[in-house]
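The next block holds one structure in the form of structure tokens; read it before the comments.
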Amino acid sequence: MNIQTPKSRLAKAKPDAEPRPTREQAEDAIRTLLRWAGDDPSREGLLDTPKRVAKAYREWFCGYEEDPVELLARSFEETDGYDEMVLLRDIRLESTCEHHMAPILGRVHVAYLPNGRVVGISKLARVVDAYAKRLQIQEKLTAQIANTLNDVLKPKGVAVVVEAAHQCMTTRGVHKPGVTMATSRMLGAFRDDPSTRREFLTMIAAPRPGAEG
């Protein structure tokens, strides 16, 4: 089923100004950074580094090529009236801090209350990746995931919790390893109904299958 959704908040992010540089320009920029760091990009160990880094950047930032709305466009109405919580927890998060371009690593928990339609669970994880694989701050990432699910699926409620470690804080600056940042966005029933919110928070805190203790 195709769903028509306003594109204002959900549109695929694109640079506002100049067109994307070429692969060769990107590799030249990496050579400049290598020289600025104090090394010689012409030495044997670094000869292919610009090519490798440019290729890695295309993978790390592939979210700019994805439209989260399109990922959710196909949903299913044959649910036999199922209207309880759908929860996907412990989605691996790999993102990049837009302030220092350092990794953000953690996990995301996503839940919604269906309102006549459901979406394939892999699409929930892909929406997370579509926003995570961009330059981000965690607060915005959390809101983008929740807002998109809410706008496209139009469920009775959406809940998103993100728990992540920011390498810009653990490997530089204040150097505080082991610190995790948690953000959440609750919409609809998850915001208005304390029992629904409590059920969600209890489920994401429950022991995982196979976990000890």
Side-chain angles (χ1 to χ4, degrees), residues 2-3 5-34 41 46 48-75 88-112 119-153 158 160-172 180-181 183 185:
N2 292 325
I3 303 172
T5 305
K7 297 289 186 176
S8 56
R9 183 166 65 220
L10 307 176
K12 186 165 55 177
K14 293 181 180 179
D16 293 328
E18 300 178 2
R20 174 177 287 177
T22 65
R23 176 70 173 261
E24 291 73 21
Q25 289 173 318
E27 293 179 10
D28 285 341
I30 295 162
R31 292 186 187 94
T32 298
L33 285 175
L34 291 172
L46 294 177
D48 290 330
T49 295
K51 183 183 300 183
R52 295 190 188 103
V53 173
K55 182 179 180 180
Y57 265 46
R58 292 305 296 268
E59 182 176 346
W60 289 333
F61 300 116
C62 63
Y64 289 113
E65 307 297 328
E66 292 276 11
D67 185 341
V69 174
E70 291 181 2
L71 293 175
L72 296 172
R74 185 184 182 193
S75 59
L88 196 62
R89 63 182 185 176
D90 296 326
I91 304 169
R92 171 73 174 175
L93 171 66
E94 298 173 355
S95 192
T96 304
C97 164
E98 68 180 35
H99 298 147
H100 299 94
M101 297 186 73
I104 301 172
L105 303 174
R107 56 184 181 169
V108 182
H109 313 290
V110 176
Y112 70 99
V119 69
I121 59 172
S122 67
K123 300 301 176 59
L124 299 178
R126 291 187 65 187
V127 167
V128 170
D129 279 346
Y131 284 121
K133 300 292 188 178
R134 306 179 184 189
L135 293 169
Q136 279 288 7
I137 62 170
Q138 186 172 325
E139 297 91 336
K140 181 175 72 173
L141 171 65
T142 307
Q144 287 175 326
I145 297 168
N147 291 340
T148 299
L149 292 172
N150 192 58
D151 287 350
V152 178
L153 298 181
V158 173
V160 176
V161 169
V162 180
E163 304 169 286
H166 293 241
Q167 303 306 305
C168 59
M169 181 178 178
T170 63
T171 63
R172 58 160 299 282
T180 299
M181 179 177 176
T183 51
R185 182 145 175 101

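Every value quoted in this text rests on a predicted model; they were computed, and no experiment measured them.
Each of N150, L149, V119 was checked for a side-chain contact (heavy atoms from CB on, under 4.5 Å) with Y112, and the lone residue meeting it is V119.
K133 is listed as a side-chain neighbour of E94, based on a closest heavy-atom distance under 4.5 Å. Residues L93 and L141 are in side-chain contact: their nearest non-hydrogen atoms beyond the backbone lie under 4.5 Å apart. Between H109 and D90, some side-chain heavy-atom pair lies under the 4.5 Å cut-off. Using a 4.5 Å cut-off on side-chain heavy atoms (C-beta onward), V161 and V108 make no contact.
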* **From CA spacing to verdict: side-chain contact (heavy atoms from CB on, under 4.5 Å), I137, H99** => CA-CA 8 Å; I137 62 170; H99 298 147; 3.7 Å; yes
* Asked: What's the verdict on side chain to side chain donor-acceptor pair (under 3.5 Å) for T148 and Y131, showing C-alpha distance, side-chain angles and the deciding distance?
  -> CA-CA 10 Å; T148 299; Y131 284 121; 2.7 Å; yes
* I would like to know whether M181 and T183 meet side-chain contact (heavy atoms from CB on, under 4.5 Å); could you show each step before the answer? => CA-CA 7 Å; M181 179 177 176; T183 51; 3.7 Å; yes
Show me, pair by pair, the donor-acceptor contacts under 3.5 angstrom made by side chains of residues 21-30, not counting sequence neighbours?
unit_1	atom_1	unit_2	atom_2	d
T22	OG1	Q25	N	3.1
T22	OG1	Q25	OE1	3.4
R23	NE	E27	OE2	3.1
R23	NH2	K51	O	3.3
Q25	OE1	T22	N	2.8
D28	OD1	R31	NH1	2.8

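Shown here for P68 and V127, the closest heavy-atom pair between the two residues is O-CG2, 4.1 Å. Scanning both residues, Y64 and L135, for their nearest heavy atoms gives OH-N, 3.1 Å. Heavy atoms only, all atoms of each residue included: D67 and V69 are closest at OD1-N, 3.0 Å. The minimum heavy-atom distance linking R185 with A146 is given by the pair CG-CB, 3.8 Å. Counting all heavy atoms, side chain and backbone alike, H100 lies closest to C97 at N-SG, 3.4 Å.
Annotation: L33, atom CG; neighbour count of heavy atoms from other residues, nucleotides and ligands within 6.0 Å is above 12.
T32 meets the side-chain hydrogen bond (donor to acceptor under 3.5 Å, both in side chains) test with R35; sequence neighbours excluded. Listed by chain and residue number, Y57 satisfy the ring-ring contact (aromatic ring centres under 6.0 Å, His included) test with F61 (two or more places apart in sequence, or in another chain). With sequence neighbours excluded, no residue forms a side-chain hydrogen bond (donor to acceptor under 3.5 Å, both in side chains) with T96. Every residue two or more places apart in sequence or in another chain that forms a side-chain hydrogen bond (donor to acceptor under 3.5 Å, both in side chains) with Q136 is listed here: Q144. Every residue meeting the side chain to side chain contact (heavy atoms under 4.5 Å, CB included) condition with R52, not counting sequence neighbours, appears here in chain and number order: D48, T49. Legend: residues meeting side-chain hydrogen bond (donor to acceptor under 3.5 Å, both in side chains) with R89, ordered by chain and number and at least two apart, are absent.
Residue pairs satisfying the salt bridge (charged side-chain N to carboxylate O under 4.0 Å, His left out) criterion with at least one member in residues 137-148, sequence neighbours excluded, are listed as follows: E98-K140. Applying the salt bridge (charged side-chain N to carboxylate O under 4.0 Å, His left out) test to pairs two or more places apart or on separate chains, those with a residue in residues 120-130 are E66-R126.
The main-chain N or O of A54 is never found under 3.5 Å from a side-chain atom of R58 such that the two would form a donor-acceptor pair. Of the possible polar contacts, one joining the R134 side chain to the G63 backbone as a donor-acceptor pair under 3.5 Å is found.
H166 and Q138 are linked by a side-chain donor-acceptor pair at a separation below 3.5 angstrom, with hydrogens and angles left out of the test.
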